[in-house]
K.L.:
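Once you've had a glance at the structure underneath, I'll fire off some questions.
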Amino acid sequence: MTETQLTEQEIIRREALKKLRELGIDPYPPEEYPVTAYSDEILSQYDPEKNNFQDVSLAGRIMSRRIMGNASFIELQDSHGRIQAYFRRDDICPGEDKTMYNTVFKKLLDIGDIIGIKGHVFKTKMGETTVWVKEFKLLAKSLRPLPIVKEKDGKVYDAFTDPEQRYRNRSLDLIVNPEVKEIFIKRTKIVNTMREFLNAHGYLEVETPILQPIYGGAAARPFKTHHYRLDQTLYLRIANELYLKRIIVGGFDGVYEFAKDFRNEGLDRFHNPEFTQMEIYVAYKDYYWMMDFFEEMIEKVALALHGTTRVKHGDRVIDFKRPWKRLTMFDAIKEHAGVDISNMDEDELRATAEKLGIETDPSMGKGKLIDEIFGETTEPHLIQPTIIMDYPIEMSPLSKKHRSKPGLVERFEVIVNGKELANSFSELNDPIDQRERFEQQLLLGKRGDEEAMVLDEDFLKALELGMPPTAGLGVGIDRLTMLMTGAHSIQDVIFFPQMRPEKKVVIDPKEKFLELGIPEEWVPVIQGLGFSTVASLREVKPGKLFNDITSYNKKHKLGLKNPTQEEVKAWVEKAAAV
RNA sequence: GAUCCAGUAGCUCAGUUGGUAGAGCACAUCCCUUUUAAGGAUGGGGUCCAGGGUUCGAGGCCCUGCUGGAUCACCA
């Protein structure tokens, strides 16, 4: 990037950087800076009576400055919060030389710079707990201006809110929007609470392949890639279910994985192409056991996060206190759509769906039709945590046939706030049955269902060795985090959500301009005028370019010797010839 | 993929029937030794998302595109 393409404020900061170096100050010092206190502990524990925190050392970012001649206040933001600090010229500079205060602090430091401060804590006249700074040290110079967010009486002014900029520049978002940080701290707390709960049960955290030769365990369009040494097509996993079950076959009683899964589908506020699921499989259990287990785990998460099972989400309160409501799928549909579909065949289901205003197409089998009816009429109404159980066999190729209800499987989903949170079943462990189910899926695939599962011979081989009766469950961590934090969009719970690439301005290197005979000092000027490529000079009229160049020189007080009209004409002609 | 909305200074936003681009914060220079959305004075800063079109003249009108958001569709 050339100097002329920087903004005024960026140039000023780069000049400050130079001046700091001239004063012998390293703007990026290598050595550690010992921190002895954090903003939040000082604010909560400082007591003038006790006279504590009289020798503290903090490090953080300057977020605002209020300079009053020979005394100043700044707000310092460390990883825990913000605290005010007081700088007085004669404390910073006890001797004759006032450079550290007058020049370094007042002129060369900026909002956004990272500094370390040493001093003692006191309360100002206004009663604000403040660090009285005796010495400070620049730890890292910031070269870009920060959006300035101000606040008074809880009202925020000029908040940095543009979602596009926030997601593309998450670092900046985290610096200026403290509530964003909170969400991610909570996300980790959710994961940690779950992990502790799972470990306390003695289950083993494992890792399974992300690159899979056959994708399975869910119905979704995969990302496809290629390994060149093996000359083999590989897929990014859409789920890890089939691998975890193979580990159960191997003799572990309980295994789980927090897994990044990838699905090549649309993006919206509930879907990101890569997302996180926790899947767990426990031997010798069934889906009833898993219902209790999951309720207990999620209740624990809510308590760990909020100290209560009642969680605010928008203008709703969701109560995770167990036990949750349990309904069979057919009963739920009966309740919300007013139709009993439990004994319908495919044609009757199709007619019912049409009557309910649901579009159908010939590729849809019985399972898909029931799923559509449920999704359309019932799911959005389930706000409080609800367990929907006993799904039709056609839509659940990996789960075990129901012990007493023909045509159904032992499967449940947990619906919260109208969205699926978790999916679980008594795992199908009959290898012959499993092979038939896969073959059913192949038929659906032939009918045009793009998401029908593929037959995984290696998985079947494992099942044929004998898998104990097993309960399995998958829970979406992103959606759980949204629920627990009240986040509106999945982009708010993923640090770096998928975005379309930003359009980059193509800039030719300086050398290409030099080849036209343009003197080096004029290259940034021409680029600054918007001619970022040599090709862009082809169309311009030499006279106009000459005018633009000379007036730019004058306007920006560059003090360069103007080229002649003939010289400019020659540049343009040469550009046209390239 | 469809519809609607938005894109103007580093940030948040104004910009009237088409007529020389504005504010607050930030930045620069100066004043100010307990301020807190600090205050006071002065000043600089713009490819009005991009490309076409209409017009004597476009930030504003028309067309196309790009990016984002919302809703819908898709997505266990």
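By convention in this document, chain letters (A, B, ...) are assigned in the order of the sequence lines, proteins followed by strands, and residues within each chain are numbered from 1. What's counted below: heavy atoms across the whole structure, side chains too, no hydrogens, waters or symmetry copies.
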K.L.:
Could you give the distance separating B:rG10 and B:rG19 at their C1' atoms, to the nearest angstrom?
P.N.:
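Pairwise C1' distance, B:rG19 against B:rG10, rounds to 30 Å.
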
K.L.:
Look at A:Lys152 and B:rA37 and indicate whether a side-chain polar atom (N or O) is within less than 4.0 Å of OP1 or OP2.
P.N.:
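True: A:Lys152 side-chain N/O within range (under 4.0 Å) of B:rA37 OP1/OP2.
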
K.L.:
Quote, to the nearest angstrom, the C1' distance that separates B:rC49 from B:rC66.
P.N.:
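Nearest-Å result for B:rC49 against B:rC66 at atom C1': 7 Å.
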
K.L.:
Rounded to the nearest Å, what distance is computed from the CD1 atom of residue A:Ile111 to the C1' atom of nucleotide B:rG10?
P.N.:
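Those two atoms, CD1 and C1', are 12 Å apart.
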
K.L.:
Mind calculating the distance between CZ (A:Arg89) and P (B:rC31) to the nearest angstrom?
P.N.:
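Rounded to whole Å, this separation is 12 Å.
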
K.L.:
Within the 4.0 Å heavy-atom criterion, would you say A:Phe73 contacts the bases, only the backbone, or no part of the nucleic acid?
P.N.:
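Base, at least one base atom sits under 4.0 Å.
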
K.L.:
Using 4.0 Å as the upper bound for N to carboxylate O, is an ion pair formed by A:Glu346 and A:Lys366?
P.N.:
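Result for this pair is no, no salt bridge flagged.
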
K.L.:
Counting the atoms with a prime plus P, OP1 and OP2 as sugar-phosphate, which does A:Asp162 contact under 4.0 Å by heavy atoms, base, sugar-phosphate, or nothing?
P.N.:
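Result for A:Asp162 = sugar-phosphate.
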
K.L.:
How is A:Gln84 classified with respect to the nucleic acid when contacts are heavy atoms under 4.0 Å: base, sugar-phosphate, or nothing?
P.N.:
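Touches a base.
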
K.L.:
Which is true for A:Glu8 with a 4.0 Å heavy-atom rule: it touches a base, it touches only sugar-phosphate, or it touches nothing?
P.N.:
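It contacts base atoms.
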
K.L.:
Counting the atoms with a prime plus P, OP1 and OP2 as sugar-phosphate, which does A:Ile67 contact under 4.0 Å by heavy atoms, base, sugar-phosphate, or nothing?
P.N.:
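Since a base atom lies under 4.0 Å of A:Ile67, the category is base.
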
K.L.:
Taking all atoms of both residues into account, what is the closest heavy-atom pair of A:Arg168 and A:Arg500, and its distance?
P.N.:
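In terms of heavy atoms, the two residues are closest at NH1-O, 2.7 Å.
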
K.L.:
Taking the nucleotide of RNA chain B with the nearest heavy atom to each, does A:Tyr86 or A:Asn423 sit closer to the 5' end?
P.N.:
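On the 5' side of the pair lies A:Tyr86.
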
K.L.:
Distance check: side-chain N/O of A:Arg269 vs OP1/OP2 of B:rA70, anything under 4.0 Å?
P.N.:
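False: A:Arg269 side-chain N/O out of range (4.0 Å or more) of B:rA70 OP1/OP2.
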
K.L.:
A:Glu15 has an atom CD; how far is it from atom P of B:rC27, in whole Å?
P.N.:
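Answer to the nearest Å: 16 Å.
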
K.L.:
Mark yes or no: A:Lys152 above the aromatic ring of A:Tyr157, with NZ or CZ under 6.0 Å from the six-membered ring centre and no more than 45 degrees from the axis.
P.N.:
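Here A:Lys152 fails the 6.0 Å and 45° test against A:Tyr157.
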
K.L.:
Please give, in whole Å, the distance from B:rU35 C1' to A:Ile83 CD1?
P.N.:
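The distance from CD1 of A:Ile83 to C1' of B:rU35 comes to 15 Å, rounded to the nearest Å.
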
K.L.:
Closest to the A:Met68 side chain: B:rG69, B:rU35, B:rA76?
P.N.:
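Among B:rG69, B:rU35, B:rA76, the one nearest the side chain of A:Met68 is B:rU35.
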
K.L.:
Across all strands shown, which nucleotide pairs with B:rC32 by Watson-Crick or G-U wobble geometry, both distances under 3.5 Å?
P.N.:
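Check on B:rC32: unpaired, no WC or wobble geometry under 3.5 Å.
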
K.L.:
Between A:Trp132 and A:Ile12, who's closer to the 5' end of RNA chain B by nearest nucleotide?
P.N.:
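Counting from the 5' end, the first nearest nucleotide belongs to A:Ile12.
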
K.L.:
Which nucleotide sits closest to the side chain of A:Thr130: B:rG24, B:rA76, B:rU35?
P.N.:
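Nearest to the side-chain atoms of A:Thr130, counting from C-beta on, is B:rU35.
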
K.L.:
What does A:Ala220 touch in the nucleic acid at a heavy-atom separation under 4.0 angstrom: a base, only the sugar-phosphate, or nothing?
P.N.:
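Here A:Ala220 touches no strand at all.
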
K.L.:
Please give, in whole Å, the distance from B:rU34 C1' to A:Ile74 CD1?
P.N.:
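From A:Ile74 CD1 to B:rU34 C1': 15 Å.
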
K.L.:
Can you tell me the Watson-Crick or wobble partner of B:rC27, both distances under 3.5 angstrom?
P.N.:
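Pair assignment: B:rC27 / B:rG43.
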
K.L.:
What does B:rA9 pair with, Watson-Crick or G-U, if both distances are under 3.5 Å?
P.N.:
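Paired with no nucleotide.
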
K.L.:
So which atom in A:Gly367 and which in A:Met395 form the shortest heavy-atom distance, rounded to 0.1 Å?
P.N.:
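It is O-SD, 3.3 Å.
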
K.L.:
Give none if B:rC72 has no partner; otherwise give the nucleotide forming a Watson-Crick or G-U wobble pair with it, both distances under 3.5 Å.
P.N.:
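Matched B:rC72 with B:rG1 under the 3.5 Å cut-off.
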
K.L.:
Can you tell me if the side-chain N/O atoms of A:Gln491 get under 4.0 Å from OP1 or OP2 in B:rG69?
P.N.:
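Yes, A:Gln491 has a side-chain N/O under 4.0 Å of OP1/OP2 on B:rG69.
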
K.L.:
With rounding to whole Å, what would you report as the distance between B:rC62 and B:rU55 at their P atoms?
P.N.:
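So the two P atoms sit 16 Å from each other.
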
K.L.:
Does B:rA76 have its OP1 or OP2 closer than 4.0 Å to a side-chain nitrogen or oxygen of A:Arg263?
P.N.:
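Result: no.
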
K.L.:
Taking only the C1' atom of each, what is the distance from B:rA9 to B:rG59 in whole angstrom?
P.N.:
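The same atom, C1', in both gives a distance of 14 Å.
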
K.L.:
Would you measure the distance from the C1' atom in B:rA37 across to the matching atom in B:rU29 and give it in whole Å?
P.N.:
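These two C1' atoms come out 23 Å apart once rounded.
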
K.L.:
Taking the same atom, C1', in B:rA26 and in B:rG69, what whole-Å distance lies between them?
P.N.:
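Their C1' atoms lie roughly 26 Å apart.
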
K.L.:
Look through every strand shown and name the nucleotide pairing with B:rU55 as Watson-Crick or G-U wobble, where both distances are under 3.5 Å.
P.N.:
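When the pairing criteria are applied, nothing turns out to pair with B:rU55, so the answer is none.
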
K.L.:
Please state how far atom CG in A:Asn169 lies from atom P in B:rG10, giving the value in whole angstrom units.
P.N.:
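The distance from CG of A:Asn169 to P of B:rG10 comes to 15 Å, rounded to the nearest Å.
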
K.L.:
Between A:Arg66 and B:rA38, does any side-chain N or O lie under 4.0 Å from OP1 or OP2?
P.N.:
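For B:rA38, OP1 or OP2 has a side-chain N or O of A:Arg66 closer than 4.0 Å.
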
K.L.:
Would you check if the side chain of A:Arg479 reaches a backbone N or O of A:Glu420 as a donor-acceptor pair within less than 3.5 Å?
P.N.:
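Confirmed, A:Arg479 side chain pairs with A:Glu420 backbone.
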
K.L.:
Measuring only the P atom in each nucleotide, how far is B:rC11 from B:rG7? A whole number of Å is fine.
P.N.:
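It comes out at 14 Å once rounded to the nearest Å.
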
K.L.:
For B:rG57, does the O4'-C1'-N9-C4 or O4'-C1'-N1-C2 angle fall within 90° of 0, making it syn, or is it anti?
P.N.:
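Chi for B:rG57 falls in the anti range.
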
K.L.:
Should we count NZ of A:Lys325 as having more than 12 external heavy atoms under 6.0 Å?
P.N.:
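No, the 6.0 Å shell around NZ holds no more than 12 heavy atoms from other groups.
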
K.L.:
So, is A:Arg500 close to the B:rU67 phosphate, meaning a side-chain N or O under 4.0 Å from OP1 or OP2?
P.N.:
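Yes, A:Arg500 has a side-chain N/O under 4.0 Å of OP1/OP2 on B:rU67.
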
K.L.:
Under the criterion salt bridge (Lys or Arg N to Asp or Glu O under 4.0 Å), which of A:Lys181, A:Arg269, A:Arg166 is the partner of A:Asp492?
P.N.:
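Of all the options given, the one that passes is A:Arg166.
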
K.L.:
Under a 4.0 Å threshold between the charged nitrogen and the carboxylate oxygen, would A:Arg237 count as salt-bridged to A:Glu257?
P.N.:
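Yes, this pair counts.
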
K.L.:
What contact category does A:Lys106 fall into here, base, sugar-phosphate, or nothing, at under 4.0 angstrom with non-hydrogen atoms?
P.N.:
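Touches nothing.
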
K.L.:
May I ask you to evaluate whether A:Lys150 reaches the phosphate of B:rA38, defined as a side-chain N or O under 4.0 Å from OP1 or OP2?
P.N.:
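Answer yes for this pair, as a side-chain N or O of A:Lys150 is under 4.0 Å from OP1 or OP2.
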
K.L.:
Using whole Å, what does the distance between atom C1' of nucleotide B:rC27 and atom CG of A:Leu109 come to?
P.N.:
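To the nearest whole Å, that distance equals 15 Å.
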
K.L.:
Counting only distance, no hydrogens or angles, is the base of B:rU35 paired donor-acceptor with the side chain of A:Glu128 under 3.5 Å?
P.N.:
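Result: no qualifying N/O pair found.
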
K.L.:
Less than 6.0 Å separating the ring centroids of A:Phe73 and A:Tyr86?
P.N.:
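Between A:Tyr86 and A:Phe73, which both carry aromatic rings, the centre distance is below 6.0 Å.
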
K.L.:
Check whether any side-chain N or O of A:Gln165 sits under 4.0 Å from OP1 or OP2 of B:rC11, and answer yes or no.
P.N.:
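Answer is yes, contact under 4.0 Å.
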
K.L.:
Can you tell me if A:Arg170 uses its side chain to pair, donor with acceptor, with the backbone of A:Pro497 under 3.5 Å?
P.N.:
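Judged by distance alone, no pair lies under 3.5 Å.
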
K.L.:
Pick base, sugar-phosphate or nothing for A:Lys368, based on heavy-atom distances below 4.0 Å to the nucleic acid.
P.N.:
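The residue A:Lys368 makes sugar-phosphate contact but no base contact.
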
K.L.:
Determine the interatomic distance between P on B:rA73 and the same-named atom on B:rU64; round to the nearest Å.
P.N.:
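Going atom to atom, P in each nucleotide, I get 26 Å.
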
K.L.:
Output the single nucleotide from B:rG24, B:rG69, B:rC30 whose closest atom is nearest the side chain of A:Asp158.
P.N.:
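Nearest nucleotide to the side chain: B:rG24.
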
K.L.:
Mind checking if A:Gln9 touches a base, just sugar-phosphate, or nothing, with heavy atoms under 4.0 Å?
P.N.:
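Base contact.
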
K.L.:
Touch check for A:Phe270, heavy atoms < 4.0 angstrom, all strands: base, sugar-phosphate only, or nothing?
P.N.:
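Here A:Phe270 touches no strand at all.
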
K.L.:
When the distance from CZ of A:Arg13 to P of B:rG44 is rounded to whole Å, what number comes out?
P.N.:
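Checked: the CZ to P distance equals 21 Å.
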
K.L.:
Name the closest nucleotide to the A:Asp371 side chain, picking from B:rA76, B:rU71, B:rU12.
P.N.:
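The answer is B:rA76.
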
K.L.:
Pick base, sugar-phosphate or nothing for A:Met63, based on heavy-atom distances below 4.0 Å to the nucleic acid.
P.N.:
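It contacts nothing in the nucleic acid.
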
